[in-house]
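Single-structure report; data block below.
Nothing fancy with the numbering, it's 1 onward along the sequence. From a predicted model like this one, the values you see are computed outputs, not experimental measurements.
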Amino acid sequence: KILLCKILRTGMDMDKVCCIILNYNDASTTMSLVDEIREYNCLDSIVVVDNCSTDGSWKQLKALRDLDKVHVLRTEENGGYGSGNQAGIDYAVTYLEAGYVIIANPDIHVRACCIERVKLALDGMPEAVMASARVTSPEGGDLFSYWTLLPMWKDLLDTGLITRRLFKPMLNTPAYRLKEGGDEGCRLVDAVPGSFFMLKLGLLTPQEIKELFDRHMFLYYEEKVLGQKFKEMGLKTLLVTDTSYVHAHSATIDKSVKRIVDKQKLLHESKLYYYREYLHGTPAQMAAARVLLGLVLAEVWFLTVVCRMRW
């Protein structure tokens with residue numbers, strides 16, 4: 001009855017699937033993905049959000065308005081990954097009555113059968129609100145596909161270049177230990193990468209939908225925030241293991257934030273916010289986290305700026 005009430009309050013069409021693609025200074029990659037997926041029958045609409053690009057992307061993206069089922073909008077400022085995608089979700093719900101939304105980075109490649117399989121997984125488990133697929137590289141290798149939500153001290157270990165390698169076995173649940181969810185091809189996880197995932201909006205109230213992404217975070221850790229929110233709601237996240245998509249990891253981010261040390265700074269800012277707001281870190285814990293993250297940043301600066309290493 002609660003689920004039915006939520007669906008009735010949203011006024012959405014539960015069968016409509018909308019794919020949201022967030023662009024920032026990378027129109028060519030965004031347009032390439034639109035061209036790749038726009039004829040998929042499993043997609044009812046595509047919303048391209050230009051996150052107030054500074055390179056002329058908006059002028060190029062406006063041409064997409066002439067394409068069937070493609071909608072293009074522009075934010076007034078670049079508020080980051082979460083803010084831009086939230087603008088897309090708001091549009092999809094308000095104007096397109098979407099019941100499912102896909103968040104997709106421009107630098108992915110995804111087949112229609114993958115999208116259909118992920119939706120099938122969500123439909124097969126009533127309490128599942130978010131789902132994704134295995135991530136592979138353009139060369140076909142397996143990439144990181146899920147997280148286990150950790151307490152603060154373990155999450156800090158996962159930040160250090162050395163500690164995350166030394167303690168790797170205790171920082172994420174091995175795939176063979178993941179519980180089955182819905183069907184034998186799905187596993188229950190805490191969070192999935194933000195490069196591609198699907199949300200079943202019918203499980204959420206209109207207010208929850210409007211506040212899916214935390215606008216105080218610019219980049220990184222949005223996935224863990226979603227995972228924490230859904231966990232507190234008693235909702236589930238699925239990883240579909242019998243299908244996959246391709247992600248050219250950080251290809252889009254690299255065009256906007258070029259230096260590794262600058263990306264690390266953004267990561268640390270998001271981590272500290274996550275620790276304070278979602279893990280409810282004490283003043284002493286936050287002080288310790290700042291010290292440890294400062295040491296990690298110094299290590300990254302030395303290796304990338306002084307030694308000119310890349311990874």
Side-chain angles (χ1 to χ4, degrees), residues 6 9-10 12 18-26 30 47-54 57-58 61 71-96 98 100-106 129-130 132 147 149 152 155 190-201 203-233 235 237 250 252-253 255-257 262-281 286 289 293:
K6 287 184 176 182
R9 284 200 300 267
T10 57
M12 59 184 65
C18 175
C19 181
I20 296 165
I21 307 171
L22 183 65
N23 174 79
Y24 181 72
N25 290 351
D26 196 13
T30 298
V47 174
V48 175
V49 181
D50 182 61
N51 215 6
C52 202
S53 294
T54 59
S57 284
W58 177 238
L61 293 174
H71 305 255
V72 186
L73 59 134
R74 189 172 196 246
T75 60
E76 295 181 356
E77 62 178 0
N78 177 15
Y81 171 93
S83 179
N85 278 309
Q86 187 65 57
I89 291 173
D90 294 344
Y91 183 93
V93 171
T94 303
Y95 298 103
L96 306 176
Y100 299 80
V101 293
I102 295 168
I103 301 298
N105 278 12
V129 68
M130 179 164 63
S132 185
W147 281 282
L149 295 175
M152 189 187 303
D155 197 88
D190 288 340
V192 292
S195 48
F196 169 81
F197 61 86
M198 184 183 291
L199 295 169
K200 185 165 62 181
L201 299 182
L203 292 183
L204 306 170
T205 67
Q207 190 61 34
E208 288 167 345
I209 293 171
K210 290 178 181 178
E211 298 174 352
L212 271 170
F213 286 98
D214 191 322
R215 299 176 190 270
H216 294 94
M217 303 179 78
F218 187 81
L219 187 63
Y220 301 122
Y221 263 63
E222 298 91 350
E223 305 98 333
K224 291 189 177 182
V225 167
L226 284 176
Q228 288 284 2
K229 286 183 175 182
F230 294 148
K231 188 175 182 180
E232 290 178 5
M233 293 177 189
L235 300 175
T237 296
S250 294
T252 297
I253 295 174
K255 295 179 182 180
S256 303
V257 187
D262 291 332
K263 293 175 191 172
Q264 196 74 22
K265 286 180 182 177
L266 287 172
L267 173 63
H268 289 188
E269 289 174 6
S270 293
K271 271 181 174 286
L272 289 170
Y273 180 82
Y274 172 73
Y275 294 162
R276 185 178 69 250
E277 299 296 327
Y278 293 94
L279 298 188
H280 311 295
M286 295 304 299
L293 291 176

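A distance of 9.0 Å separates CD of Glu232 from OH of Tyr278, quoted to the nearest 0.5 Å. With rounding to the nearest 0.5 Å, the separation of SG in Cys19 from OH in Tyr100 is 15.5 Å. To the nearest 0.5 Å, atoms NZ (Lys224) and NZ (Lys271) are separated by 5.5 Å. Distance SG/Cys52 to CD/Glu76: 8.5 Å, rounded to 0.5 Å. To the nearest 0.5 Å, the span separating CD1 on Ile102 from CG on Asn85 amounts to 12.5 Å. Rounding to the nearest 0.5 Å places CD of Glu208 at 9.5 Å from NZ of Lys229.
Listed by chain and number, the residues in a side-chain hydrogen bond (donor to acceptor under 3.5 Å, both in side chains) with Gln86 are Asp90 (sequence neighbours excluded).
Screening Leu235, Leu212, Val192, Ile103 for a side-chain contact (heavy atoms from CB on, under 4.5 Å) with Met130, the sole residue that qualifies is Val192. Here the options are Ile21, Thr75, Thr30, the test is side-chain contact (heavy atoms from CB on, under 4.5 Å), and the partner is Val49; only Thr75 passes.
Side-chain atoms of Tyr274 and Asp155 form no donor-acceptor pair, as typed in the model, at a separation below 3.5 Å.
Remark: the backbone N or O of Phe196 is paired with a side-chain donor or acceptor of Ser132 at under 3.5 angstrom. A donor-acceptor pair is defined here as one N or O able to donate and one able to accept, closer than 3.5 Å; no such pair exists between the side chain of Ser83 and the backbone of Arg215. Side-chain N or O atoms of Asn78 include none that pairs as donor or acceptor with a backbone N or O of Ser53 at under 3.5 Å.
Nearest approach of Leu149 to Asp190, heavy atoms of both residues: N-OD2, 2.8 Å. In this structure, Asn51 and Gly84 approach most closely via the heavy-atom pair OD1-CA, 3.8 Å. A pairwise comparison of heavy atoms in Thr54 and Asn25 identifies N-OD1, 2.7 Å as the closest pair. Residue Ala289 comes nearest to Leu272 through the heavy atom pair CB-CD2, 4.0 Å, listed as atom of the first residue, atom of the second, then distance.
Counting heavy atoms from C-beta outward, Leu199 and Phe230 have side chains that approach closer than 4.5 Å. Using a 4.5 Å heavy-atom cutoff, the side chains of Tyr95 and Val47 are not in contact. Between Trp147 and Glu223 the shortest side-chain heavy-atom distance falls below 4.5 Å. Asn23 has its side chain out of reach of Trp58: every pair of non-hydrogen atoms, C-beta onward, lies at least 4.5 Å apart. Contact check for Leu204 versus Met233: side-chain heavy atoms found under the 4.5 Å cut-off.
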>> Run His268 and Tyr220 through side chain to side chain contact (heavy atoms under 4.5 Å, CB included) and show every step you take.
In response: CA-CA 9 Å; His268 289 188; Tyr220 301 122; over 6 Å; no
>> Checking His216 against Glu277 for the side chain to side chain contact (heavy atoms under 4.5 Å, CB included) test, could you report, in this order, the C-alpha distance in whole Å, the side-chain angles of both residues, the deciding distance, and whether it holds?
In response: CA-CA 10 Å; His216 294 94; Glu277 299 296 327; over 6 Å; no
> Going through the checks in order, is the side chain to side chain contact (heavy atoms under 4.5 Å, CB included) test met by Leu226 and Phe213?
Replying inline: CA-CA 7 Å; Leu226 284 176; Phe213 286 98; 4.0 Å; yes
>> Checking Gln228 against Leu279 for the side chain to side chain contact (heavy atoms under 4.5 Å, CB included) test, could you report, in this order, the C-alpha distance in whole Å, the side-chain angles of both residues, the deciding distance, and whether it holds?
In response: CA-CA 9 Å; Gln228 288 284 2; Leu279 298 188; 3.4 Å; yes
